[in-house]
Every structure is written in C-alpha cells, then in structure tokens.
Amino acid sequence: MLRCAARRLVSPYLRGSSTSLGVAVRKMSSKPKESDEAFDARWKAYFERQDYLPDIDAWELRNGLNELYGKDLVPEPKILIAMLNACRRLDDFSMTVRILESVKDKSAGSSEIYNYILKELKPTMDELGLSTPEELGLA
C-alpha cells in the first residue's frame, strides 16, 4: 500500500520515464548536434592550447586521448598532428607510439584509412623524428 502511494507522489520526471497508454517514453537531450568542423576545431584547440590557456599536462593529454578513443571515429589528421605536437611538448615518446597504435586499431584493419593517415602525418612525423609502430617492430 505504501509503495503504491509513494509511486503516485513521485513525479514522472523524477522517475526518468513516463507511461502513456502503456508505452514508455524516454526523455532525450535537446542539445544541438555538433558539426564535424566544430568537433575537429574543439579537439585541435584542446591539444594545441591557445595563448589564453596554460599548456596541456600529461593527465589532460591522456584524458583527451581516452575521450577520443571512446568515440566511434578515427580522428582527423589535423587532430592527430596536434596530439603529436602536444606529446613533443611533454617529451612523451611512448604516448606518440600509443597514438599511432590507436589509429591503427580504430581504422579496423582498413589499410586504406591507416595509410592515408600515415601519409598525412608523414611531414609532422619527420619533423618530430618519429617512427611508425611498424618501423619500430611493434606491430
């Protein structure tokens, strides 16, 4: 009896769903969808850290990498270039190898995507003195 009375008192908004004619209705977010260009610009700025923000530290670098890795996408080369430059500023060579390994993993075995990314990253990798995981014998 007490449970039935308590259920009636709790608002449907607090319960997370409401029923109308036996059909559950889920409340969805009304946030606007971010465009691809805005997404790329946001992550590039995160890793580059413009003048108004302090430089990125190791925890923030790993946090950003984990967030991007959790998404169902392969990051654009401009984001990857910003990541590699952030690793250079932090003097973290192992993280550059992890970034390249994650790109290979996220490309899901598609050598076309992986080779395109490597081709786009080649000038930056040469500038920073980096090798691919294959050249290091890790893949």
Shortest non-hydrogen separation from [X] to [Y] and the atoms involved:
X	Y	answer
Arg89	Asp55	NE-OD1, 3.1 Å
Cys87	Thr96	CB-CG2, 3.4 Å
Ser131	Leu100	O-CD1, 3.8 Å
Val97	Leu136	CG2-CD1, 3.8 Å
Ile56	Leu90	O-CD2, 3.4 Å
Glu101	Pro133	CG-CG, 3.9 Å

Are any of the side-chain heavy atoms of [X] and [Y] separated by less than 4.5 Å?
X	Y	answer
Glu37	Asp40	no
Thr132	Lys104	no
Leu68	Phe47	yes
Lys78	Glu120	no
Ser107	Tyr116	no
Met95	Leu65	yes
Lys106	Leu73	no
Glu134	Tyr114	yes

To the closest 0.5 Å, what do you measure between [atom1] ([X]) and [atom2] ([Y])?
X	Y	atom1	atom2	result
Leu138	Arg98	CG	CZ	11.0 Å
Ile79	Leu84	CD1	CG	12.0 Å
Arg62	Tyr69	CZ	OH	16.0 Å
Leu121	Leu80	CG	CG	5.5 Å
Ile99	Leu130	CD1	CG	9.0 Å
Ile81	Met125	CD1	CE	11.0 Å

- Task: For side-chain contact (heavy atoms from CB on, under 4.5 Å), just list the numbers for Glu67 and Trp43, CA-CA rounded to whole Å, side-chain angles, deciding distance to a tenth of an Å, and then say yes or no.
- Result: CA-CA 10 Å; Glu67 268 193 58; Trp43 282 105; 3.7 Å; yes
- Query: Take atom CD in Glu135; do more than 12 heavy atoms of anything else shown fall under 6.0 Å from it?
  - Reply: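 Above 12, so yes.
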- Message: Tell me whether Asp91 at atom CG has more than 12 heavy atoms from other residues, nucleotides or ligands lying less than 6.0 Å away.
- Response: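 At most 12 heavy atoms, drawn from other residues, nucleotides or ligands, come within 6.0 Å of this atom.
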- Query: Side-chain donor-acceptor pair under 3.5 Å between Asp92 and Ser94, yes or no?
  - Reply: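 Per modelled atom types, Asp92 and Ser94 side chains form a pair under 3.5 Å.
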- Side-chain donor/acceptor of Glu60 to backbone N/O of Asp57, under 3.5 Å: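 Between the backbone of Asp57 and the side chain of Glu60 there is a qualifying donor-acceptor contact (under 3.5 Å).
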- Query: For Tyr46, what residues pass the side-chain hydrogen bond (donor to acceptor under 3.5 Å, both in side chains) criterion, not counting sequence neighbours?
  - Reply: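 Once residues adjacent in sequence are excluded, Tyr46 has no partner under the side-chain hydrogen bond (donor to acceptor under 3.5 Å, both in side chains) criterion.
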- Task: Decide, yes or no, whether a salt bridge links Glu76 with Lys44 under the criterion of side-chain N to carboxylate O below 4.0 Å.
- Result: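 Salt bridge flag = no for Lys44 with Glu76.
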